[in-house]
Amino acid sequence: MESYNFSEIEKKWQKKWEESGCFHAVNGSEKPKFYALIEFPYPSGQGLHVGHPRSYTALDIVARKRRMQGYNVLYPIGWDAFGLPTENFAIKNKIHPKIVTKNNIANFTRQLKMLGFSFDWSREVNTTDPEYYKWTQWIFLQLFKKGLAYKTEMPINWCTGCKVGLSNEEVVNGVCERCGSEVVQRRKSQWMLRITDYAERLIQDLDEVDYIERVKTQQKNWIGRSEGAEVKFTLTSGDDMVVYTTRCDTLFGATYVVMAPEHKLVEKLLPTLENPDEVRDYITLAGKKSEFERTELAKEKTGVQLKGVYAVNPANGNKLPVFISDYVLVTYGTGAIMAVPAHDDRDWAFAKKFDLPIIEVVSGGEDVQKEPYTDVYKGNMINSDFLNGLSVKEAIPTMISWLEERGLGKRKVNYKLRDWLFSRQRYWGEPIPLVYCEKCGWVPIPEEELPLELPEIEEFEPGENGESPLAKAYDWINTTCPHCGAPAKRETDTMPQWAGSSWYFLRYMDPHNPNEIASKEALEYWSPVDWYNGGMEHTTLHLLYSRFWHKFLYDIGIVPTKEPYMKRTSHGMILGENGEKMSKSRNNVVNPDEVVHDFGADAVRTFEMFIGAFDQSTPWSQDGLKGCFKFLERVWNLQDMMTDEENYSSDLESNVHKTIKKVSEDYERMKFNTGIAALMSLVNDFYKKGAVTKGEFLTLITLLNPVAPHMTEELWEKYGKGGFLSLAPWPDYDEAKTIDSEVEIVIQINGKIKDKMMIPADLDKAGIEKLIGESEAVAKLVDGKSIVKTIVVPGKLVNIVVK
RNA sequence: GCGGCUGUGGCGGAAUUGGCAGACGCGCCAGACUUAGGAUCUGGUGUCUACGACGUGGGGGUUCAAGUCCCUUCAGCCGCACCA
């Protein structure tokens, strides 16, 4: 027997799989479908990270197993290739981003193929391919036509390094998520998508899908639904000021009101105030601060009273002072609040600083002059007129009804979610397919003109004034209005990277269709994605955005399901050997090329699955990888002790059936580490015995195939039943044979283990008790003490409680 | 501050419904085979004051029985962060 030459074997089978097209999914098949999806990678210049194969191998195992179980499996791959790193690299090195992307994709392709994933490469998509982004643009046009895309001037987060507007999500601790430069506020006209219209459905429909709980929680937290009420306060100036509150039960405890500095009413009131200059100064100051600074300085509350005006508390007619303060956000609720310092931390801090009254209206706390009492739904109402004595839970609806009857307020649901900033002043993104005409306004380009391709330009740098690089492509910009024919200009902003990844899973279903996103039949057959695995870092934004687009496509009759993904799981990170996150600066990066070269793809795949619990972060270990390589070698070397016997041997039969069951279940539950451990145990059993039957060996390599496909294909070719092992049937097990006839039970005295005993597995409680009663060993253990009681757990243990 | 996750041998980690803590792997120790071994095979390996006792971050509780359930506390990681 020749030794295990993994590099030769792996090349051989990768070639055979590719040439045969055995992993291609079939449209219009009679078989049941299974659609497994991994997050398509961003082809960065650094090449594959060892984290990528963790996710890809996991779903590869599930996909391969399902294929062997007779499913028509779609396991596709593609490239999320627009985006800033490529563009920045292009600018720095004066290479066209198109070329950079092409090179990076070539490298990623090589690396992915080297790892032997059963991707259907014939369906590869690339978000930067005009034939792909044609449909990204098409979806945008439908959003525009339905009024879900709109342009508005608004303060944006401006990255001083990338010179690009960022969404809130892309600003981390006041700096750009990508380049780390300072982010400042700027006003700019931007395209927005009305994701907020879908907020409620994005929460509600989570009930219909099988996402791991923490993903659902994160989606819900991000959308941030809150139930409360809008309450109208009339000002002494005669104006109405509406506040939003979730605690309208505390209305009697309101001792002042606050508006955001940007609130429209402030501007209006300014001329009538006693202190307009002071107020104006404060507004200017607040406007200069970035959102980060405003939140960063949260400890110290600031604000200015609008002198000369008061707000009338609708509950009791009290006149309350009116403030502006930047602790109130203009973007949430109504941009104005009623302050109840006794029962809100922020209001309390503000009241203390400005020496405002603090009135307790909910009992149950300590002295509210010393600290606010903020527990929700606890305590009873006091100092609150008709609410007195009610619990908080009762008081809220009572107050809302009272307000509604008098036209002073109404029930209101608010969301933290804001509309999606969809414009980027960048070159390397999908052009927004709209034209601005002086007469007609924003006009969509005719669908038959899609794709609107990116113009070829020389300079990709964004302008200092924040203009898109496309603004310099004069020939491209200047066009005619599709509506009236007058001279018009194209939109020069491009779409964010999220755009192409919001619908790519649909394109895989029918990737070469020139007429539609995908054919109706393909969408009907493949939708929804059965199982989507990806990183926790994408569980808020990418998932939310793509669910939003999918719901929109559902609404306009394109896709057949409300939700795109039936099941979502997440993998943990692979850390450096020192337990820290892998990074160049920490010098702990593991290069997939090197480890595959040294130990082979099968060993790397096996190790990445064996390394630890799939959803948990775990450090890399070169020794652990070696151990998995050794395991594969032990499987390979079993050839030497293999007999011709086709059946399982009688002494190991039960073991084999148990292993089939365990491995089948563990792969489905993503407990790959314990599944592989079971295979290792079985191999150890063969070694202990010094023999393995051919039947046992073939079952072993079939179970191992999804994890280590190359080596097992090679062994199947030598000993198996012909064809690809990857397409051979998954082994069955006989439930009856997984059950032992005799089991070992534990004898405990007062909960301490004293002895063990083999008994027939089907013995019931009474039978066991009888057996124990007759046992001399047990009698010795009890030794004259009186038995208080005996607990019998069939098949597990007997606990004798003695005195 | 809010939300979520995690604490188990020297290390990575196992342990359906409370029922033998430490599966499997690494590392380490010993033996076999070897000219040799950073190869391979076999055996051992939680701790201790060791025929017994103690052990799942700490403290308390429920139970015949707790890594698992309850209360409390500490530490670390991740996400959000003035959202009224």
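Scope of the values below: all heavy atoms of this structure, side chains included, with no hydrogens, waters or symmetry mates. First the proteins, then the strands, lettered A, B, ... as listed; each starts at 1.
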In whole angstroms, how far is the [atom2] atom of [N] from the [atom1] atom of [X]?
X         : N       : atom1 : atom2 : value
Asn750(A) : rA53(B) : CG    : C1'   : 16 Å
Leu638(A) : rU40(B) : CG    : C1'   : 14 Å
Phe599(A) : rC26(B) : CZ    : P     : 12 Å
Asn655(A) : rC24(B) : CG    : C1'   : 14 Å
Asp615(A) : rG13(B) : CG    : P     : 11 Å
Glu633(A) : rU40(B) : CD    : C1'   : 9 Å
Trp636(A) : rA39(B) : CH2   : C1'   : 18 Å
Lys626(A) : rU40(B) : NZ    : P     : 10 Å

Worked verdict on Phe350(A) versus Tyr256(A) for ring-ring contact (aromatic ring centres under 6.0 Å, His included): CA-CA 10 Å; Phe350(A) 191 89; Tyr256(A) 61 103; 5.4 Å; yes
With a 3.5 Å cut-off and heavy atoms only, can you find an N or O donor on one side and an acceptor on the other between the side chain of [X] and the base of [N]?
X         : N       : answer
Asp623(A) : rC26(B) : no
Lys756(A) : rC20(B) : yes
Lys301(A) : rC82(B) : yes

Taking only the side-chain nitrogens and oxygens of [X], find out if one of them lies under 4.0 Å from OP1 or OP2 of [N].
X         : N       : result
Lys752(A) : rG52(B) : no
Arg669(A) : rU16(B) : no
Arg634(A) : rC24(B) : no
Asn673(A) : rA14(B) : yes

When you measure from the side chain of [X], which nucleotide among [options] comes out closest?
X         : options                   : result
Ala613(A) : rG13(B), rC41(B), rG19(B) : rG13(B)
Thr217(A) : rG43(B), rU40(B), rG4(B)  : rG4(B)
Lys630(A) : rU40(B), rC64(B), rA84(B) : rU40(B)
Val328(A) : rA84(B), rG19(B), rC41(B) : rA84(B)
Asp326(A) : rC82(B), rG19(B), rC20(B) : rC82(B)
Pro619(A) : rG3(B), rA65(B), rG13(B)  : rG13(B)
Lys688(A) : rG43(B), rC80(B), rC24(B) : rG43(B)

Within the 4.0 Å heavy-atom criterion, would you say [X] contacts the bases, only the backbone, or no part of the nucleic acid?
X         : result
Ser621(A) : nothing
Tyr687(A) : sugar-phosphate
Gly627(A) : sugar-phosphate
Lys671(A) : sugar-phosphate
Asn684(A) : sugar-phosphate
Glu744(A) : base
Val801(A) : sugar-phosphate
Leu797(A) : base
Ile611(A) : sugar-phosphate
Arg225(A) : nothing
Gln616(A) : sugar-phosphate
Ser226(A) : sugar-phosphate
Thr540(A) : nothing
Ala339(A) : nothing

[N] and [M]: how far apart are their [atom1] atoms, nearest whole angstrom?
N       : M       : atom1 : result
rG27(B) : rG79(B) : P     : 34 Å
rC51(B) : rA32(B) : C1'   : 32 Å
rC64(B) : rG59(B) : P     : 23 Å
rG3(B)  : rC71(B) : P     : 15 Å
rG61(B) : rC11(B) : P     : 30 Å
rU35(B) : rA30(B) : C1'   : 22 Å
rA53(B) : rG57(B) : C1'   : 22 Å
rU8(B)  : rA21(B) : C1'   : 8 Å

Would you say Thr539(A) and Gln218(A) are linked by a side-chain donor-acceptor pair, where the criterion is simply a distance under 3.5 Å?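 Gln218(A) vs Thr539(A): donor-acceptor pair found between side chains.
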Do the side-chain N and O atoms of Thr196(A) and Asp419(A) include a donor-acceptor pair separated by under 3.5 angstrom? yes
If you count the non-hydrogen atoms of other residues, nucleotides and ligands that lie under 6.0 Å from [atom1] in [X], is the total more than 12?
X         : atom1 : value
Lys581(A) : NZ    : no
Glu227(A) : CD    : no
Lys264(A) : NZ    : no
Glu366(A) : CD    : no

Answer whether the closest heavy-atom distance between the side chains of Met399(A) and Leu387(A) falls below 4.5 Å. yes
Can you find a heavy atom in the side chain of Leu544(A) that is under 4.5 Å from one in the side chain of Gln219(A)? yes
If the glycosidic angle sits within 90 degrees of zero it is syn, else anti. Tell me which applies to rG55(B). anti
Both distances under 3.5 Å, Watson-Crick or G-U wobble: report the partner of [N], or none.
N       : value
rU17(B) : none
rG10(B) : rC26(B)
rG3(B)  : rC78(B)
rG67(B) : none
rC41(B) : rG31(B)
rA53(B) : rU47(B)

Lys NZ or Arg CZ of Lys301(A) over Tyr327(A) ring: under 6.0 Å, within 45°: yes
